[in-house]
Amino acid sequence: MRPLEMKCDSAEESQNSEAAQLKMSKSNTILTLLQGCNSLQRLKKIHAHVIINGLQHHPAISNKLLYFCATSVAGSLSHAQLLFNQIQNPQTQAWNSLIRGFAQSPSPLQAIFYYNYMLLVSLSRPDTFTFSFTLKACERVKALNKCQELHGSVIKCGFETCVVVCTGVIRCYAANGLIETAGLVFDKMSERDLVSWNCMISCYSQGGFHVEALGVYERMRNEKVGLDGFTLVGLLSSCAHVGAFNMGVYLHRIASEMGVLGNVFVGNALIDMYAKCGDLDSALCVFNRMKKRDVLTWNSIVFGYGVHGRGDTAIDFFRQMLMAGFQPNSITFLGLLCGCNHQGLVEEGVEYFQMMISKFNLKPGIKHYGCMVDLYGRAGMLEKALEVISSSPSKDCPVLWRTLLGSCKIHRNVEMGEIAMRNLVQLGASSAGDYVLLATIYAASKDPEGVARMRKLMKSKGIKTTPGWSWIEVGEKMHRFVVDDKSHPDTEMIYLKLEEVILRARSVGYVEEKSLFALPGSSSEDCLESSSAYHSERLAIAFGLASTPEGTDLRIVKNLRVCRDCHLFTKFVSKAFKRHIIVRDRVRYHHFRDGLCSCGDYW
Ligand code: ZN
Ligand code: ZN
C-alpha cells in the first residue's frame, strides 16, 4: 500500500469516527434528556430532536422513547402507538413497552391485542415481561380463556420455572374465579419467592377462602420462609373474616418483633382484625400507638365501634377525625350510621345521614339506606322506614325490604311485614329466611293460619333453606360446625359436653323456648325447627368450653341470624360458666356476658 493511500484512508477513517462520535454524544445527550423528562410536551420536543439528528432508527433511543411514552405519567399511549409504528422490525422490548402501557391503562384489552399481534406478525418471541404484562391485562379484563391459553404458552415457551411469570398465572386464575386452579399452579412451582407466597395468601383471602389463606402461612412456617408487611396484612384480613383471634394476636406479636408496627397498612389491618374479632380495647390500643394514620385508620376505628353498637364512641372518633383534618368518606358514614342504628340513636343517625349528603357531598349507597331503614325500623317507626325505601333510588333492592321485614319481626307488625314480603315476592327475591321471618311474625301474633300459609308457600315454591354453620377458633385452629354435626373427630366428647352445658344453663334459669311451628327443610337453622338443641353454635360453644381453660373468651362466627332459643341459651351459658361469649352473626355482634347480651335482645 502506498503512503498516500494510507493517508487518505486514515483521513476517511478519522472523519467516519468523528461522525460516529458526534452521533454517539448526541444519542447520549438525548438519552440523558429523556431521563429527566417530565411532561408530554418536553417528550415531543425530544422526539423532534431525535428526528432532526436522524436518530429515529437508533434502537436504544427508539426503545427508550417508546418505553417512556407508554409507561410514564408524562407519556401518552396514542403517541406511543405512533412511535411504535415507526419502528422497523420492533424487538420484544418494544412490544413489551406497549403491552405494559396498555395493561396498566383504562383499556387493558389493547394489551391482549398487541400480544396477539406480536405472535402473528413478529419474529420476536415473548419473554418474562411479555407474559407478565399480558397476564396482568387478562387479570383486569377477566379473560379466562386467554388466561388458560397464556398458561399453555408459558409452559410451551419454557417459562414454567419462572417465579414472576407463574405468580402472574396464579393471580390471573384467581381473578377469574378459579382459585383452586391458582392453588394447583402454586403447588407445582419448583421455586417460590416471598412475592408468590404473598400472592397466594391475598388470592385466597380476596376470594373468601380464609382458612386456606391461613393454611398458606402454616406452610410458610414449615418451609421457614420469612414474611413481610404484605404477608401480615393479607393474613390479618383473613383472621378478621373468620374471627381467628389467637392467630391475629400471634401475628401482632410477629409484627412487633419485625418492627413493622409503624407501617400504616399493618396498623390498619390490626385494628380491623381486633374490631372484627370483638376486642375493641386492643383495637383502640393499636390505634392510640399509631404515629401515622390515614383515612383507613380512622374508618377502621369508627366502623369498629359502630358495628359493635357503640354509636356514641363512634361519633366521638368521627369528631376527632374531622379535627385531625381528615375528610370522611362513605365508609366512615356507614360506620357511624351502623353505630347509631345498633344503639338506637335515631336523631343522630338522621343527622349524619343528612350531613353526608349536604356537607360532604357523598352519595348514600344501598348500605346507607339499609342502615336508615333499620334505624327507623328498630325504633318502631315502621312508616318512616317504609318512606326511606320508597324515596331511595334502590327501592328495587331486596335487602331493604328484607331489613324492613326484620324490623316487623321485632315489633310483631303483621301488616307491614306483609307489605315487605309482597315486595320481595314481586322482585322475585324471596328466600327461605324471609318466609321464616314472616312465619315468626304470624306465630308471635297467634295466627296459626298465617304460619300454615308460609309453610305451604315454601313447599310449593320448592324454596331451599341456607345451611347454617358456625366457626370457632381453639388455639390457632378454626373448627367448623353445621347443625347436628357428627364429623368432628371429638364428636362424642362434644355431645357429652353439650348435655352438661344444657343442664348447667337450666340450673341458672334457662328454659327452652318451644318452637311454635316447624317448616319444611328443617335441617337448616334458618327455620324455626322443632328442636334447636344441636344448632351449629351450640356445638361450637360446647367444643369451646371443653377445650379452653376457664375464663377464656369464646369467639364464634355464624353465617345466619342466631335463632331466639340459641340467643337465650347462650345468655345463660355465659352466666353459668362465667365466660364472655362473642357471636358474630349475619346481622350483628352479640357480646354475651353474665346472662346478658349487648344487643339488648334486638337483632
Ligand atoms: Zn339456633
Ligand atoms: Zn344478642
Side-chain angles (χ1 to χ4, degrees), residues 370 373-374 376-390 394-468 482-484 511-536 558-569 585-587 601-603:
V373 174
D374 210 17
Y376 282 126
R378 261 168 217 281
M381 301 153 86
L382 296 171
E383 292 287 342
K384 276 272 190 196
L386 183 64
E387 231 172 75
V388 172
I389 302 182
S390 314
S394 24
K395 52 178 164 293
D396 287 342
C397 184
V399 175
L400 297 185
W401 295 107
R402 194 161 289 137
T403 308
L404 180 64
L405 189 59
S407 304
C408 294
K409 186 198 110 180
I410 296 173
H411 298 286
R412 301 181 175 187
N413 189 321
V414 176
E415 200 186 325
M416 197 64 89
E418 285 175 341
I419 294 179
M421 192 67 189
R422 210 174 304 136
N423 277 282
L424 281 167
V425 173
Q426 263 169 22
L427 292 169
S430 54
S431 72
D434 303 329
Y435 287 95
V436 174
L437 273 178
L438 190 55
T440 320
I441 302 173
Y442 285 130
S445 51
K446 310 255 177 307
D447 178 358
E449 274 173 35
V451 178
R453 223 169 33 245
M454 287 305 107
R455 192 184 296 146
K456 224 171 114 187
L457 264 173
M458 273 182 84
K459 212 170 177 178
S460 70
K461 291 188 176 211
I463 288 172
K464 292 270 180 306
T465 51
T466 319
V482 293
V483 64
D484 293 322
V511 181
E512 284 95 335
E513 274 210 2
K514 285 261 155 40
S515 169
L516 294 162
F517 58 93
L519 286 165
S522 64
S523 69
S524 159
E525 301 176 24
D526 225 346
C527 286
L528 288 182
E529 321 158 32
S530 44
S531 165
S532 40
Y534 301 119
H535 276 183
S536 57
K558 169 153 188 153
N559 68 331
L560 303 172
R561 265 173 205 261
V562 175
C563 83
R564 273 179 75 86
D565 192 31
C566 288
H567 194 267
L568 189 70
F569 174 72
D585 75 3
R586 203 187 62 200
V587 185
D601 296 339
Y602 285 98
W603 79 98

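Quick caveat, the model's predicted, so the values are computed rather than measured.
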Could you walk me through whether V388 and K384 pass side-chain contact (heavy atoms from CB on, under 4.5 Å), step by step?
CA-CA 6 Å; V388 172; K384 276 272 190 196; 5.7 Å; no

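- Within the structure, salt bridge (charged side-chain N to carboxylate O under 4.0 Å, His left out) contacts touching residues 402-412 (residues at least two apart or in different chains) are R402-D434.
- What you find for H535 and C566 is that their closest heavy atoms are ND1-SG, 3.3 Å.
- Summarising the geometry of L568 relative to V511, their closest heavy-atom pair is CD2-O, 3.5 Å, with the distance given to 0.1 Å.
- The salt bridge (Lys or Arg N to Asp or Glu O under 4.0 Å) test applied to D601 returns K571, not counting sequence neighbours.
- A donor-acceptor pair under 3.5 Å is formed between the side chain of D585 and the backbone N or O of V562.
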Mind listing the side-chain donor-acceptor pairs of residues 414-429 below 3.5 Å, one per line with the distance, residues two or more places apart or on another chain?
| residue | atom | partner | partner atom | Å |
| --- | --- | --- | --- | --- |
| E418 | OE2 | Y442 | OH | 2.5 |
| N423 | ND2 | I419 | O | 3.0 |

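- Scored by the side chain to side chain donor-acceptor pair (under 3.5 Å) test, T403 finds no partners at all (sequence neighbours excluded).
- For the ring-ring contact (aromatic ring centres under 6.0 Å, His included) test, no residue two or more places apart in sequence or in another chain qualifies with H411.
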Should D374 and S407 be marked as a side-chain contact (heavy atoms from CB on, under 4.5 Å) after you check the CA-CA gap, both sets of side-chain angles, and the distance that decides it?
CA-CA 7 Å; D374 210 17; S407 304; 3.9 Å; yes

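- Atom NZ of K456 has 12 or fewer heavy atoms from other residues, nucleotides or ligands within 6.0 Å.
- Scanning for ring-ring contact (aromatic ring centres under 6.0 Å, His included) contacts around Y376 gives an empty result, with sequence neighbours left out.
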